[in-house]
Amino acid sequence: MTDDMNSKERFVNALEGKEVDRMPLGYLWFGAGDAVLEKMGASLNDVYRSAKGMAEAQILAREMYHHDNVMAPWGCLLVEAEALGTKLDFRENEYPKIVEYPMESSGEFENLDPDIMRRSERVQTVAESISIMKKELNDEAFIACATLTPLMLVSQLMGGTKMCTEMLMDPDNFRSLLDVLTESCIVFADIMLDAGADGIFAENGESTAELFSHDMAEEFGVGYTKKVYSHVQDNGGYVISHNCAALAFHDLELKLKPNALNFAFGDVKKLGTEYGVECQKLHNHNNVGCKQRYCFKDFQNFQDEGICLMGNINPYVFSSDSPADIEYEVDSCMNAAPEKGFILASGCEIPLSIPSEKMDVMWKAMETRF
């Protein structure tokens with residue numbers, strides 16, 4: 001196989017709905033990362049707080065797994081929250097965990113300063129890792145900055161239960177909090193774009209019927225998130241919106257107008273009614289997915305709007321003992337994918353513990369199609 005484009009050209013062309021020399025392969029956070037760390041002779045904690053370590057881990061992962069993008073930060077998605085006061089427990093071979101929230105109520109929004117992002121040591125570490133990747137990769141791969149949407153960030157500052165209570169009991173202060181966090185997200189994105197990131201990979205998984213009514217998700221999510229996305233795009237960056245929720249509000253994702261949507265499911269209820277499929281039973285720990293990929297038909301409106309699709313290999317398939325199951329998922333996605341505006345990727349992060357041999361199966365299944 002001879003590539004006519006480098007990884008960044010291929011990835012960007014897909015985001016823009018243009019011709020590509022082959023289907024791009026996307027990478028989420030630090031999938032199958034344990035094998036990368038083993039090859040580095042390092043623990044996750046060794047590299048996670050080191051700019052050089054974060055960059056080297058992503059560069060090595062790309063060499064091992066052949067994807068067309070790299071990403072920082074990866075994993076815990078707590079960098080912004082830590083800068084704003086969330087206390088973390090850094091573990092040797094696991095992602096950091098929250099041990100203490102800094103906020104008790106929305107009214108404390110006045111204590112938050114978005115510019116603290118510029119003074120945060122770990123934010124600067126992440127920015128430096130992006131700069132290292134930019135230099136070491138010679139601008140040959142797409143560099144994504146993993147970030148949170150404002151509503152997601154609220155839950156990292158006070159916890160999910162408190163967030164929902166505040167949303168209902170003190171909506172005015174909650175909106176003021178979202179205003180401050182929107183500005184915080186923008187400052188964080190600016191730092192990463194200045195460091196060399198080509199765009200953001202935004203976690204928007206709280207836009208789902210599993211947590212909120214449609215009206216609440218729209219009121220407390222769309223306007224604030226749209227402001228972040230538009231700012232990034234207006235400043236030359238690309239936006240990939242990630243929502244792997246089974247009951248994601250895809251119509252609200254469409255309103256955000258990202259450059260790409262990374263998804264795990266289509267409209268589960270609609271697909272069940274129209275095609276008689278039970279998506280949640282087909283895409284889970286016990287099943288490998290569906291060959292028909294009806295969900296791709298459900299996203300025709302995204303394609304009509306020029307929004308790239310990114311997905312939706314079931315990450316649980318890599319836990320299967322059969323390489324044929326992984327090949328099945330790859331073939332199912334590739335067969336259903338549009339000719340332009342598509343990036344093959346998992347619907348969510350592939351578990352850290354997955355051995356590299358299973359990632360090789362995915363790549364070889366792709367490679368036979370080129």
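From a predicted model like this one, the values you see are computed outputs, not experimental measurements.
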Task: NZ/NE/NH1/NH2 to OD/OE distance under 4.0 Å, Glu128 and Lys52 - done: no
Open item on the list: Looking at Glu92, I want to see if its CD is surrounded by more than 12 non-hydrogen atoms of other residues, nucleotides or ligands under 6.0 Å.
Closed with: yes
Open item on the list: Can you see whether Tyr27 has Arg62 sitting over its ring - NZ or CZ less than 6.0 Å from the centre and within 45° of the normal?
Closed with: no
- [ ] Over all heavy atoms of both residues, which pair between Met163 and Val154 is shortest? Give the atoms and the distance, please.
- [x] CG-CG1, 3.6 Å
Task: Pairwise distance CD1(Ile313) to CG(Leu25) - rounded to 0.5 angstrom - done: 7.0 Å
Open item on the list: Within the supplied structure, the quantity of interest is the number of heavy atoms (other residues, nucleotides, ligands) at a distance under 6.0 Å from Lys134 NZ; does it exceed 12?
Closed with: yes
Open item on the list: In this structure, would Val36 and Leu44 fall into the same cluster of hydrophobic residues linked by side-chain contacts under 4.5 Å?
Closed with: yes
Task: Test log, rule side chain to side chain donor-acceptor pair (under 3.5 Å), inputs Glu166 and Asn173 - done: CA-CA 8 Å; Glu166 290 292 301; Asn173 275 328; over 6 Å; no
TODO: Using ring-ring contact (aromatic ring centres under 6.0 Å, His included) as the criterion, point out the one residue from Tyr95, Trp74, Tyr48, Tyr65 that pairs with Phe30.
DONE: Trp74
- [ ] Please assess Ser241 against Tyr229 for the test side chain to side chain donor-acceptor pair (under 3.5 Å), listing each intermediate value before the final yes or no.
- [x] CA-CA 9 Å; Ser241 193; Tyr229 287 11; 2.7 Å; yes
TODO: Measure the spacing between CD of Glu327 and CE of Met362 and express it to the nearest 0.5 Å.
DONE: 12.5 Å
Open item on the list: Please find the pair of heavy atoms, one from Ala217 and one from Phe212, that lie closest to each other, and give the distance.
Closed with: N-CB, 4.1 Å
TODO: Using the rule that two of Ile, Leu, Val, Met, Phe, Trp, Tyr join whenever any of their side-chain heavy atoms come within less than 4.5 Å, decide whether Val232 and Val70 are in one cluster.
DONE: no
- [ ] Answer whether the closest heavy-atom distance between the side chains of Leu177 and Met158 falls below 4.5 Å.
- [x] yes
Task: Side chain proximity check, Lys340 to Lys18, heavy atoms < 4.5 angstrom - done: no
Task: Heavy-atom side-chain contact between Ile200 and Ile240 under 4.5 Å - done: no
TODO: Inspect the contact between Asp360 and Lys358 and indicate whether a charged nitrogen and a carboxylate oxygen are less than 4.0 angstrom apart.
DONE: no
- [ ] Quickly, which of Leu151, Leu153, Thr149, Asp179 forms a side-chain contact (heavy atoms from CB on, under 4.5 Å) with Tyr224? Name it, please.
- [x] Asp179
Task: Heavy-atom side-chain proximity of Asp190 to His231 below 4.5 angstrom - done: yes
Task: side chain to side chain donor-acceptor pair (under 3.5 Å) between Asn301 and Asp304, intermediate numbers included - done: CA-CA 5 Å; Asn301 52 348; Asp304 293 341; over 6 Å; no
Task: Contact summary for His242 and Gly347, nearest pair of heavy atoms - done: CE1-O, 3.2 Å
Open item on the list: Quick check: is Met71 connected to Leu193 through a chain of hydrophobic side chains (ILVMFWY, heavy atoms under 4.5 Å apart)?
Closed with: no
TODO: Side-chain contact test, heavy atoms from C-beta onward, threshold under 4.5 Å: evaluate it for Leu37 versus Ser43 and give yes or no.
DONE: no
Task: Joint cluster assignment, Tyr238 & Met133, ILVMFWY side-chain distance < 4.5 Å - done: yes
Task: Any side-chain heavy-atom pair of Val123 and Glu80 under 4.5 Å - done: no
Task: CD (Glu16) with more than 12 external heavy atoms under 6.0 Å - done: yes
Open item on the list: Could you go through Glu19 and Asn13, starting from their C-alpha distance and side-chain angles, then the distance that decides it, and tell me whether this counts as side chain to side chain donor-acceptor pair (under 3.5 Å)?
Closed with: CA-CA 6 Å; Glu19 295 281 354; Asn13 271 26; over 6 Å; no
Open item on the list: Taking the side chain as everything from C-beta on, heavy atoms only, tell me whether Leu157 gets closer than 4.5 Å to Tyr101.
Closed with: no
TODO: Taking the side chain as every heavy atom from C-beta outward, state whether Met359 and Met64 have any atom pair closer than 4.5 Å.
DONE: no
Open item on the list: Hydrophobic clusters here meaning ILVMFWY residues chained together by side-chain heavy-atom distances under 4.5 Å, can you tell me if Phe263 and Val222 are in one?
Closed with: no
